[in-house]
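Below is one structure; the comments refer to it alone.
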Amino acid sequence: MCGINWYWQGGGALRDSGRWRHREEVARRGSPSAPRMPAMPKSPIADPNEDYPRWYQDVIAKAGLAENGPVRGTMVIRPYGYAIWERIQADIDRRIKAAGADNVYFPLFIPESYLQREAEHVEGFSPELAVVTHAGGKDLTEPVVVRPTSETVFGEQMAKWVNSYRDLPLLLNQWANVVRWEMRPRLFLRTSEFLWQEGHTVHADAEDAAAYALRIHHDVYRDFLVDTLALPVLLGRKTAEERFAGAINTMTCEGITRDRKALQLATSHELGQNFARAFDITYTDEGGTVQTAWTTSWGASTRLVGGLIMGHGDARGLRLPPRIAPTQVAIVVVRDEDGAVDAARQLGDAIAATGARVQVDADTHTGFGRRATDWELKGVPLRIDLGPRDLAEGQATVVRRDTGEKLPIPLGEVPGRIEPLLNEIQAAMLGEATDFRESATTDVASIDEALEAGREGVGRIDWAKLGPEGERRLLDDGVSVRCIQRPDGTVPATEDEPNLQAIVARAY
RNA sequence: CGGGGAGUGGCGCAGUCUGGUAGCGCACUCGGCUGGGGGCCGAGCGGUCGCAGGUUCAAAUCCUGUCUCCCCGACCA
């Protein structure tokens, strides 16, 4: 948790360049007749204001998060990207267990017939199924699908495990990979195979199921997204149009990216009795009557990494909130002179002793500028520059990644300043992202205005004014209803509550 | 599947029209100078030009076939 690594080895892979030429041309075009200026510092990544999709890909490549796998749509997650995922996993897993669910593992392969037992479910997932028809050197009598999600296998098994009202609620979760053959893949946001957590629960009645789905939505997803990832998500209910295939209610956490689109970051579904009926999940109640159970499912995936990138990243690369950052503090030895390396290691030990995750970058054969840029690309919240000049003055230069602010701090005081600074950064990032979202949001009163607002950013309109017909009109132009929520931002129990607001935007 | 484009060192590309010694940038290796924001100079390593046929004295380049990938249109955590 608070270990310290002396030698940082992650730099080499970042250093492939590639796309500089074009950017330099763009930069020159900007000022054709200007006299030769001192060269602007070259950015290793695209300008997010000019080409956001390329910026996104550049950040993933240069920060060493992931790259494409050999099969279209697949993703190789590299050490730094996986370290972020592991921290996401650990945090969510802790919250899921606190909500009372136990972890299990179910098979990757599902009989094709299972999918077909729930009509909407098949219809929703068939187009993106990977199906194994041939194995062990012969055709299979029944093809098996590679799970796109596991409601069906869970349903089949849970039916066996539930007999009495005393067996309920049954609260299960698994961490797994799933496969959905996507047409337009994008690293982390939409890959053919992705990693996620999927919870599956069985309850005695509708109320208990609804309450649990809501509890997960708040205590696991909302709290994690806001408190740990510093992403100010919008909570709400999906419209019938956007609902999960087979659910009676889907609740969502919608993030807003820096290019003003919506990104669904986690969902929690009430499945009603649809799957319980299809898989015969029944129990005997206290009165001795056989009842059909109610189920829920809920999930969050590696897409969260994409949400982090797009929710906080800036022109210099990734910015990680301290609570999720695998490395919170990077001590950069400017030059190996006057005992700077030893001083950096001592400082590293002192900081590690406060509980912060710190790394010493003593790779002084690489120029300082290169290393400073690399740590910025990786989004490490605090960088501490330490060189002969600092040592002579008995200080270190602490640089905040979120603001770029450089703080000269006396060496002895540095360790004590780290935790407060990290807390400050965590809070500032949430505040900044919240301000950004508000600035991207427009309240509107008509369908036309909603369309306009949704194309440019986020629109908010009375659900009663929009309605399913208005929703379909927006869809024709690529704008969807991301969720409907109460005026106070909480999740409505039904679509029919008065004064509901529809949040509309383009979506990833 | 409909429409557009591309396959050339690890990555990004030029060369193809008009056949004639495969080139550039980055990365990588070595040496030196540097060093407080992606440094400079020099020397190197590395490619059967997607694949298969054909034309020709000669093919990355022309012809035929074939494979693959990417982008734009319809899904999703």
Side-chain angles (χ1 to χ4, degrees), chain A residues 11-24 39-45 53 58 61-62 67-68 70-73 123-129 148-149 176-186 188-199 221 238 242-245 250 252-255 263-269 297-307 316-317 332-337 340 363-377 383-393 395-397 399 404 406 408 475-476 478 480 507-508:
Chain A
L14 305 189
R15 296 192 193 137
D16 47 293
S17 77
R19 289 176 169 153
W20 290 25
R21 190 188 315 163
H22 172 71
R23 273 193 292 287
E24 283 167 32
M40 288 271 288
K42 284 182 285 187
S43 174
I45 55 177
D58 286 350
K62 301 289 168 118
E67 49 197 57
N68 285 308
V71 172
R72 178 190 155 80
E123 200 191 324
F125 282 103
S126 316
E128 53 193 51
L129 289 182
T149 178
N177 59 337
V178 286
V179 168
R180 300 180 187 179
W181 217 257
E182 300 292 351
M183 301 173 204
R184 296 179 54 74
R186 281 188 103 199
F188 289 114
L189 297 182
R190 210 186 307 104
T191 47
S192 299
E193 178 191 1
F194 56 88
L195 305 181
W196 75 347
Q197 143 288 307
E198 52 177 323
Y221 298 142
K238 285 289 184 189
E242 303 282 331
R243 209 177 273 157
F244 177 76
T250 290
T252 180
C253 291
E254 297 282 324
L263 181 64
Q264 182 174 310
L265 290 166
T267 48
S268 186
H269 315 288
S297 69
W298 25 277
S301 72
T302 35
R303 173 181 277 186
L304 290 167
V305 179
R316 289 170 177 251
V332 180
V333 178
V334 178
R335 270 185 289 159
D336 185 9
E337 287 171 19
D363 180 20
T364 50
H365 0 270
T366 303
F368 171 81
R370 165 78 66 163
R371 290 178 293 142
T373 309
D374 282 347
W375 289 111
E376 282 172 353
L377 279 166
R383 195 183 78 228
I384 300 179
D385 297 343
L386 197 61
R389 196 187 293 171
D390 295 293
L391 288 174
E393 298 182 29
Q395 64 171 39
T397 306
V399 188
K406 294 187 175 177
L475 270 180
D476 291 339
S480 54
Y508 271 103

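Just so we're clear, the structure is a prediction, and the values are computed from it rather than from any experiment. Within every chain, numbering begins at 1; the chains are lettered A, B, ... in the order of the sequence lines, protein sequences first and strands thereafter.
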| field | Candidate nucleotides B:C76, B:G36, B:G37, ranked by approach to the side chain of A:V334 - the nearest | value | B:G36
| message | Can you identify which nucleotide, out of B:G37, B:C70, B:A77, has its nearest atom closest to the A:F244 side chain? | response |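 So the nucleotide nearest the side chain must be B:A77.
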For the pair made of [atom1] in [X] and [atom2] in [N], what is the distance, rounded to whole Å?
X	N	atom1	atom2	value
A:R243	B:C75	CZ	C1'	18 Å
A:D385	B:G35	CG	C1'	13 Å
A:K62	B:G12	NZ	P	12 Å

Taking any heavy-atom pair under 4.0 Å as a contact, classify [X]: base, sugar-phosphate, or nothing.
X	answer
A:E182	base
A:T191	base
A:R316	base
A:P148	nothing
A:Y508	base
A:G299	nothing
A:L304	nothing

| said: Using heavy-atom distances to pick each residue's nearest nucleotide on RNA chain B, tell me which of A:T397 and A:R180 is more 5'. | reply: A:T397
| field | Nearest-nucleotide comparison on RNA chain B, the residue closer to the 5′ end among A:P185 and A:F194 | value |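 Nearest-nucleotide comparison on RNA chain B picks A:P185.
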| Any donor-acceptor pair under 3.5 Å linking the side chain of A:R180 with the backbone of A:P148? |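 Confirmed, A:R180 side chain pairs with A:P148 backbone.
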| Side chain proximity check, A:F194 to A:V178, heavy atoms < 4.5 angstrom |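 When only atoms from C-beta onward are counted, A:V178 and A:F194 do touch, with a gap below 4.5 Å.
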| query | Considering only heavy atoms from C-beta outward, does the side chain of A:T267 approach that of A:T252 to under 4.5 Å? | reply | yes
| message | Should A:F368 be counted as stacked on B:G36, where stacking needs a ring-centre gap under 5.5 Å and an angle between planes under 30 degrees? | response | no
With hydrogens left out and only the distance checked, is there a donor-acceptor pair under 3.5 Å joining [X]'s side chain and the base of [N]?
X	N	result
A:R371	B:G35	no
A:K406	B:G37	yes
A:R389	B:G36	yes

| Pair A:E182 + A:R190, salt bridge at N-O below 4.0 Å | no
| Does A:E376 pair with A:K62 as a salt bridge, N-O distance under 4.0 Å? | no
[N] phosphate, OP1 or OP2, under 4.0 Å from [X] side-chain N/O:
X	N	result
A:R370	B:A27	yes
A:R184	B:C72	yes
A:R72	B:C70	yes

| field | A:E393, CD atom: more than 12 neighbouring heavy atoms under 6.0 Å | value | yes
